[in-house]
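Presented below is the structure to which this report refers.
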Amino acid sequence: MALCSKYLALFLIHTCLLLSLCSAADPFVSYDFEVSYITASPLGVPQQVIAINGKFPGPTINVTTNNNVAINVRNKLDDNLLIHWSGIQQRRSSWQDGLPGTNCPIPPKWNWTYQFQVKDQIGSFFYFPPLHMQRASGGFGSFIINNRAIIPIPFDTPHGDVVILIGDWYKRNHTALRKALDAGKDLGMPDGVLINGKGPYQYNATLVPDGIDYETIEVQPGKTYRLRVHNVGTSTSLNFRIQNHNLLLAESEGSYTVQQNYTSLDIHVGQSYSFLVTMDQNASTDYYIVASARFVNESQWKRVTGVGILHYTNSKGKAKGPLPEAPNDEFDKTFSMNQARSIRWNVSASGARPNPQGSFRYGSINVTDVYVLKNKPLVKINGKRRATLSGISFVNPATPIRLADQFKVKGVYKLDFPNKPLTGSSKMETSVINGTYRGFMEVILQNNDTKMQSYHLSGYAVFVVGMDYGEWTENSRGTYNKWDGIARSTVQVYPGAWTAILVSLDNVGVWNLRTENLDSWYLGQETYVRIVNPEETNKTELPIPDNALFCGALSKFQKPQDISFAVSITGNRSKLFFTLLMAVCALMSLFG
Ligand SMILES: *[C@@H]1O[C@H](CO)[C@@H](O)[C@H](O)[C@H]1NC(C)=O
Ligand SMILES: *[C@@H]1O[C@H](CO)[C@@H](O)[C@H](O)[C@H]1NC(C)=O
Ligand SMILES: *[C@@H]1O[C@H](CO)[C@@H](O)[C@H](O)[C@H]1NC(C)=O
Ligand SMILES: *[C@@H]1O[C@H](CO)[C@@H](O)[C@H](O)[C@H]1NC(C)=O
Ligand SMILES: *[C@@H]1O[C@H](CO)[C@@H](O)[C@H](O)[C@H]1NC(C)=O
Ligand SMILES: *[C@@H]1O[C@H](CO)[C@@H](O)[C@H](O)[C@H]1NC(C)=O
Ligand SMILES: *[C@@H]1O[C@H](CO)[C@@H](O)[C@H](O)[C@H]1NC(C)=O
Ligand SMILES: *[C@@H]1O[C@H](CO)[C@@H](O)[C@H](O)[C@H]1NC(C)=O
Ligand SMILES: *[C@@H]1O[C@H](CO)[C@@H](O)[C@H](O)[C@H]1NC(C)=O
Ligand SMILES: *[C@@H]1O[C@H](CO)[C@@H](O)[C@H](O)[C@H]1NC(C)=O
Ligand SMILES: *[C@@H]1O[C@H](CO)[C@@H](O)[C@H](O)[C@H]1NC(C)=O
Ligand SMILES: *[C@@H]1O[C@H](CO)[C@@H](O)[C@H](O)[C@H]1NC(C)=O
C-alpha cells in the first residue's frame with residue numbers, strides 16, 4: 001500500500017499534468033534531435049558546424065495549432081546545450097523556453113525532452129541553440145505552426161511551402177567568435193551570407209570562388225508558393241529579393257498581414273516572414289534569390305551576399321545578368337523605416353482562433369507599466385567590454401530565475417530593472433523586470449548606437465505601434481498606430497531611433513527580453529520579465545516538468561541521467577502503464 005500511495009501521488013500529479021497540458025483531442029507530435037558537430041564547407045573552407053540529425057540547417061518542425069509537441073534533444077556536442085523555440089509562446093510554461101534564465105542546460109552526452117503545446121498560435125518561427133553563441137555555428141531550423149483545418153488561411157492554399165533560412169556567416173566558429181569578443185574585439189565583417197546553409201551561386205567569378213554548393217529552389221511555372229524566410233544570422237540585417245518576382249507579404253511571426261507586394265524587404269536578425277510568390281515569369285532563365293547586407297558600405301560588403309537560384313521546371317537556362325539591386329537609399333534613411341511601417345495587421349483575418357485577429361483591440365487598453373530601454377555603444381565595466389540595456393549589462397545567474405523562484409533560492413537576481421535608463425555609470429547585474437500579471441506594458445526601445453539592433457521578447461507577441469528617428473518623448477505617443485500595428489516577437493530598432501511596443505502580460509513565467517544580435521547578446525544586452533500571478537493557483541502556470549534539470553544552487557537535486565525512473569515517467573508507453581497501475585491502486589484503496 002505504501003508503494004501504491006507513492007504511485008498514487010505521482011499519478012495525481014501526472015493526471016493534472018495531462019489534463020492541463022493537453023486536451024485529449026489535441027494530437028501528439030514527436031521529434032528526435034541529435035545535435036552534433038559535422039564538417040561542412042558552406043563558403044568553400046571546411047569548418048565545424050552544428051548539425052541536427054546530421055543536417056545543417058536542422059529539420060523543419062511542422063505542426064498545427066494546439067498540437068502537443070515532444071522534442072527529444074540529444075546533446076552530442078562537447079558543450080552544454082539548450083534549444084530555444086523562438087517565437088513559440090510556451091503558454092503558461094517558461095519551463096520549456098530553452099533559455100538559461102529559465103532552464104538548466106542539457107550537459108554533453110545527455111538528452112532532454114521538451115514537451116509543450118503550441119497553443120493559440122499560427123505562423124513561421126525558428127529554433128536555435130541560444131548558449132555560448134552556438135547559433136553562429138548552426139543548430140537552427142524552421143518551426144511552422146499551421147492553421148487548424150476549421151480556420152481558413154486568408155489566401156488560396158499555396159502550391160508549395162518553402163523554408164528559406166538566411167543569415168550572415170563567418171568561417172570562424174562560435175568559439176573563435178566568442179574569443180574575439182572576450183578579447184574586446186568586434187566580430188568584424190562576416191565572410192558571407194548563407195541561404196539554407198549553402199554559400200552563394202557563382203554569379204561573379206571574382207567575388208565567388210569555384211565549387212561552392214548553392215541552394216536551388218525548384219518551382220512549377222504559374223504556381224504560387226509560400227516562402228517562409230527567417231534571418232537566423234549573427235548580426236547583419238539583410239535585404240531579401242528575387243529577380244523579376246514580387247514578394248507578396250502575407251505573414252510575420254504569427255500574424256497575417258495586409259497583403260502587399262514588395263520588390264525587396266529588409267529582414268533583421270531574428271525576424272521571420274511569409275511571402276506568397278507567383279511564378280509568373282517566362283522561364284527564359286533561372287532567377288536569382290538574393291539576401292544582401294543592409295546599411296553597410298556596399299562596395300566593401302559585396303562578398304557578404306547570399307545568392308540562391310529559383311529554377312522553374314521549364315527553365316531555359318542559367319540565371320544571368322547582374323543581381324537585382326538593393327534599394328538605393330544611401331541618402332534616405334527613412335526608406336527602410338517607412339517600409340517597416342507599411343507592414344500592417346490584417347484585422348479581419350483569423351489567426352489561431354476563429355474570431356478576427358483585430359478583435360483584440362490593443363489600442364483601447366490602458367497601459368499599466370512603461371519601460372524605456374536604451375541601447376548605447378559598448379562600454380567598459382570592470383575593464384571588460386560589455387553591452388548594456390538602460391545601463392545594465394545582464395549577468396546570467398548560475399541558478400535559472402524560474403527554478404530559483406520554485407525552490408525559494410534567495411539572492412539569485414534582483415527585481416529592480418529600472419523604468420528609465422540609468423544615468424551614471426553602467427553596471428553588471430542580474431536585474432529583472434517586475435512584470436505586472438495582466439498588466440499592459442509599453443516598452444520603448446531607444447537605440448543610441450550607430451548599428452541596427454533587433455529585440456525579441458519570448459513568451460509573447462508584441463504590438464509594434466511606432467518607430468521614428470530621434471529621442472522618444474511622451475508626445476511620440478501621438479504617432480502610435482492604435483489600430484493595425486503588427487503583432488510579432490522580434491522588432492528592429494534603427495540606429496538613432498526608437499521603436500515602441502505594447503504587450504499584454506497574460507502569460508505567467510519568466511521571459512527573456514534580448515537583442516537578437518549575437519554579439520550584443522553575448523556581451524550582456526538582455527534581461528528577463530518575471531510575471532507572477534499573485535493569486536495562489538495552479539491554473540495560470542503549468543507545474544515544473546518531471547524531467548526538469550537542476551543546476552547552480554540546486555545541483556544537488558540532479559540525478560544522474562541514466563536513472564531509469566527519471567527516464568520512464570516521461571515516456572508515452574509508461575504513461576499508459578502508470579495509468580493502469582494507478583487504476584489498480586485506486587481500486588485497491590477503495591476496496592482494501
Ligand atoms: C532520453 O531519451 C530516451 C529515449 O531515447 C527517452 O526515453 C527519455 O525520456 C529521454 N530523457 C529525457 C530526460 O528526456
Ligand atoms: C507542413 O505540413 C503541411 C501539411 O500539414 C504541408 O502542406 C507543408 O508543405 C509542410 N511544410 C513544410 C515546409 O514542410
Ligand atoms: C572552432 O575553432 C577553433 C579554432 O579554429 C578550433 O580549435 C575548434 O576545434 C573549433 N570547434 C569548436 C567546436 O570549437
Ligand atoms: C564582379 O565583381 C567585381 C568586383 O566587385 C567587379 O569589378 C566586376 O565588374 C564584376 N563582374 C561582373 C561580370 O559583373
Ligand atoms: C502583386 O503582384 C502580382 C504580380 O507579381 C500581382 O498579380 C498581384 O495582383 C499583386 N498583388 C497586390 C495585392 O498588389
Ligand atoms: C521572357 O521575358 C524576358 C524579360 O521579361 C524577355 O526579355 C524575353 O523576351 C521573354 N522571352 C520569351 C520567350 O517570351
Ligand atoms: C565605401 O568603401 C569604399 C572602398 O573602401 C570607399 O572608397 C568609399 O568612400 C566608402 N563609401 C562610404 C560612403 O563610406
Ligand atoms: C485580410 O484577410 C481577409 C480574410 O479575412 C482576406 O479576405 C483579405 O484578402 C485580407 N486582406 C488583405 C488586404 O490582405
Ligand atoms: C482607461 O483609463 C481611462 C482614464 O484613466 C478610463 O476612463 C477608462 O475607463 C480606462 N479604460 C479601460 C478600458 O480600462
Ligand atoms: C513587483 O510588483 C508587484 C506589483 O505588481 C509589487 O507588489 C511588488 O512589490 C514588486 N516587487 C518588487 C521587488 O518591486
Ligand atoms: C545618443 O544620445 C545623445 C544624447 O541624447 C545624442 O546627442 C546622440 O545624437 C544620440 N546618438 C544616436 C546615434 O542616437
Ligand atoms: C498546486 O499544486 C501543488 C501540487 O502540484 C499543490 O501542492 C498545491 O497545493 C496546489 N496549489 C493550489 C493553490 O491549488
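Indexing begins at 1, ligand by ligand and atom by atom, following the structure's order.
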Point to revise | Residues which pass side-chain contact (heavy atoms from CB on, under 4.5 Å) with L248, listed by chain and number, not counting sequence neighbours | key: Q259, N261, L276

Study note, to complete from the structure: Applying side-chain hydrogen bond (donor to acceptor under 3.5 Å, both in side chains) to S86 and not counting sequence neighbours gives none

Review point. Mind checking what makes side-chain hydrogen bond (donor to acceptor under 3.5 Å, both in side chains) contact with N282, not counting sequence neighbours?
Key: S284

Practice item. Could you say whether the N/O atoms of Y37 and ligand 3 ever approach to under 3.5 Å? Key: no

Review point. Aromatic rings F240 and F275: how do their planes relate, parallel, tilted or perpendicular, breaks at 30° and 60°?
Key: parallel

Give one line per pair: atom of ligand 5, protein atom, distance. Only N/O to N/O under 3.5 Å.
residue: ligand 5; atom: 2 (O); partner: N246; partner atom: ND2; Å: 3.0
residue: ligand 5; atom: 2 (O); partner: N261; partner atom: OD1; Å: 3.3
residue: ligand 5; atom: 2 (O); partner: N261; partner atom: ND2; Å: 2.3
residue: ligand 5; atom: 5 (O); partner: N246; partner atom: ND2; Å: 3.3
residue: ligand 5; atom: 5 (O); partner: D280; partner atom: OD2; Å: 3.0
residue: ligand 5; atom: 11 (N); partner: N261; partner atom: ND2; Å: 2.9
residue: ligand 5; atom: 14 (O); partner: N261; partner atom: ND2; Å: 3.0

Review point. Is it the case that more than 12 heavy atoms not belonging to E325 sit under 6.0 Å from its CD atom?
Key: no

**Study point:** Ligand-side contact atoms (ligand 3) for residue partner Q48, heavy atom cut-off under 4.0 Å
**Key:** 9 (O), 10 (C), 11 (N), 12 (C), 13 (C)

Practice item. Please could you name the atoms of ligand 3 that T175 approaches to less than 4.0 Å, counting only its heavy atoms? Key: 12 (C), 14 (O)

Exercise for review: Return yes or no for this condition: an N or O of S364 is under 3.5 Å from an N or O of ligand 9.
Suggested key: no

Check your understanding: Below 4.0 angstrom, N of the basic side chain to O of the carboxylate: do D506 and R91 qualify?
Key -> yes

Check your understanding: Is it true that a side-chain atom of N346 and a backbone atom of S348 form a donor plus acceptor pair closer than 3.5 Å?
Key -> yes

Exercise for review: Going by the side-chain hydrogen bond (donor to acceptor under 3.5 Å, both in side chains) test, name the single residue among H268, Q271, Q492, R294 that passes it with S237.
Suggested key: H268

